[in-house]
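Only one structure is covered here, and it is reproduced in the block below.
Proteins come first, then strands; the chains are lettered A, B, ... in the order of their sequence lines, and each starts at number 1. This one's a predicted model, so the numbers in the text were calculated from it and none came from an experiment. Only heavy atoms go into these numbers, but all of them, side chains included; no hydrogens, no water, no symmetry mates.
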Number of protein chains: 2
Amino acid sequence: MARPREFDEDRVLDAAMETFWRKGYEGTSAQDLVDATGLGRGSLYAAYANKQGIFEQALRRYHKRAQGHVDQLREPGSPVERLRALMEGIVDVDLGASEKRGCLATNSAIEVANRDPHVADLVRGNFDILTRGIEETIRRGQDAGEIRSTTDAETLALFVFNAVQGLRVLTSTAGAKDRAKLTTIIDQTLIALT
Amino acid sequence: MARPREFDEDRVLDAAMETFWRKGYEGTSAQDLVDATGLGRGSLYAAYANKQGIFEQALRRYHKRAQGHVDQLREPGSPVERLRALMEGIVDVDLGASEKRGCLATNSAIEVANRDPHVADLVRGNFDILTRGIEETIRRGQDAGEIRSTTDAETLALFVFNAVQGLRVLTSTAGAKDRAKLTTIIDQTLIALT
DNA sequence: TCGATTATGGAACGATCATTAAATAATATC
DNA sequence: GATATTATTTAATGATCGTTCCATAATCGA
């Protein structure tokens, strides 16, 4: 029919995703996306219509990160220790980084979703992936008698996911010396499951 | 000495605060601030040097909101019910709003603090005000035997504050039909205190 | 090989960005 | 009332914003 695309869509969206992740939605310019992806302006706009379109596709691409966290939850170890590893990992990545960037879904929830219902839906889809992974882990913990069964796994999963999002906010203002505080929050969250 | 200021600094900073709150830091332009404050560009820049300076002062002004939440915690009622009112109030304001804006401190934590340590310090100061108010409330609850004393009030306050920040993230992607989910999170958070 | 169709890269669009310069106005001290 | 100092207003700065246009290139089915 016509000339085929020369660029690898996954590579382009990964580059866009990294840019939005590092600089935020409003903080990312079309020039930033051209530089990051290597594409010409025309190609970018022909493929994704506008900045918002690029952002939405980059956010969809980000879903694989949430799946990565779910995969980690399924690795060997007790369910509670897997949940601890999830939360400590989230905290440690940014506390140890020279440039903090948090989580693109969380960042987009706060910066964009408040004013854009369509992005809110996309972010919610991302949130659901992790929440279901947590729920699955909690169910395993309940079966093993490690987590209380007085509350259903779905409710406990929401509770843990909420704590995870809290950690993302607190980590963004925290320094290395605050690691102990964040650890006590993780401790209390896990204690609430027993 | 010289010509006195004609503008009321509190009014100007309130207007700037509202603008940053509603549109975000990067989403707010100098023109937006001129329109909101009624000042000329020159006056704004003479008084606050640049956009970042205006933002910092607006963020300082926002501290009174955190103090307002603390005041509410001190109103009549059992400590646990006061904490519930705090969290439900936070959720309800945005779920019922046509335009969600969340919390300026939380928004700034995510959008700005990750990349600006000075703003991180400012936001942390705001966070500390509410966290200490929560701690005070928890201590009252412990004295009344309503909240467990097996963990010190400071730790439990961090745990509750973390949940509050989680709610701010979740609320930004939530609709009116998600109120029940958020309520169960609040329930679980309070159950963890008993 | 031709015509239809789509991709590409770069130039160009008007609008807006944050910031500054300059001219005028108002006050305090002397 | 003169002078120094600061506030206010308006215009203008160069840079960058998101987006579009256009000429060229590459591939398809015919």
Quiz item: Is it the case that A/Asp32 and A/Ser29 place a side-chain donor and acceptor less than 3.5 Å from each other?
Solution: yes
Quiz prompt | Phosphate contact (D/dT19 OP1 or OP2) by A/Tyr45 side-chain N/O below 4.0 Å | solution = yes
Quiz prompt | Rounded interatomic separation in angstrom, taking CD from B/Gln31 and P from C/dA15 | solution = 15 Å
Self-check item: Flag for B/Thr106-B/Gln165: side-chain donor and acceptor within less than 3.5 Å
Solution: yes
Quiz item: Given that A/Leu39 and B/Thr28 both sit by DNA chain C, which one's nearest nucleotide is further toward the 5' end?
Solution: A/Leu39
Quiz item: How many Å lie between CD1 on A/Ile54 and P on D/dG18, as a whole number?
Solution: 10 Å
Exercise. Measure from CG on A/Asp35 to P on D/dG18 and round the result to the nearest Å.
Key: 12 Å
Practice problem: Could you please name the option among C/dT19, D/dT8, C/dA11 that lies closest to any side-chain atom of A/Arg41? | Solution: C/dA11
Practice problem: Take atom CD of A/Gln52 and atom C1' of D/dC17, then tell me their distance rounded to the nearest Å. | Solution: 16 Å
Quiz item: So which nucleotide from D/dA11, D/dG18, D/dT20 ends up closest to the side chain of A/Ser29?
Solution: D/dG18
Quiz item: Taking atom types as modelled, is there a side-chain donor on A/Asp128 or A/Thr131 under 3.5 Å from an acceptor on the other?
Solution: no
Quiz item: Contact class for B/Ser43 vs. all strands (heavy atom < 4.0 Å): base, sugar-phosphate, or nothing?
Solution: base
Quiz item: Of the nucleotides D/dA26, C/dC17, D/dT19, which has the atom closest to the A/Glu6 side chain?
Solution: D/dA26
Quiz item: Given that B/Gly42 and A/Pro4 both sit by DNA chain D, which one's nearest nucleotide is further toward the 5' end?
Solution: B/Gly42
Quiz prompt | Interatomic distance where NZ belongs to B/Lys51 and C1' belongs to D/dC17 [whole Å] | solution = 12 Å
Self-check item: Between C1' of C/dT16 and CD of A/Glu26, the distance in whole Å
Solution: 13 Å
Practice problem: Return the value, rounded to whole Å, for the distance between atom CG of A/Asp32 and atom P of D/dT16. | Solution: 11 Å
Quiz prompt | B/Phe7 side-chain proximity, nearest of D/dT19, D/dT8, C/dT19 | solution = D/dT8
Quiz item: Is the closest side-chain heavy-atom distance between B/Thr194 and B/Ile147 below 4.5 Å?
Solution: no
Quiz item: For the side chain of A/Arg5, counting heavy atoms from C-beta on, which of C/dA11, D/dA12, C/dA7 is nearest?
Solution: C/dA7
Quiz item: Roughly, in whole Å, what's the span from CG in A/Leu33 to P in D/dT16?
Solution: 16 Å
Quiz prompt | Cation-pi check, A/Lys51 onto A/Tyr25 ring (under 6.0 Å, within 45° of axis) | solution = yes
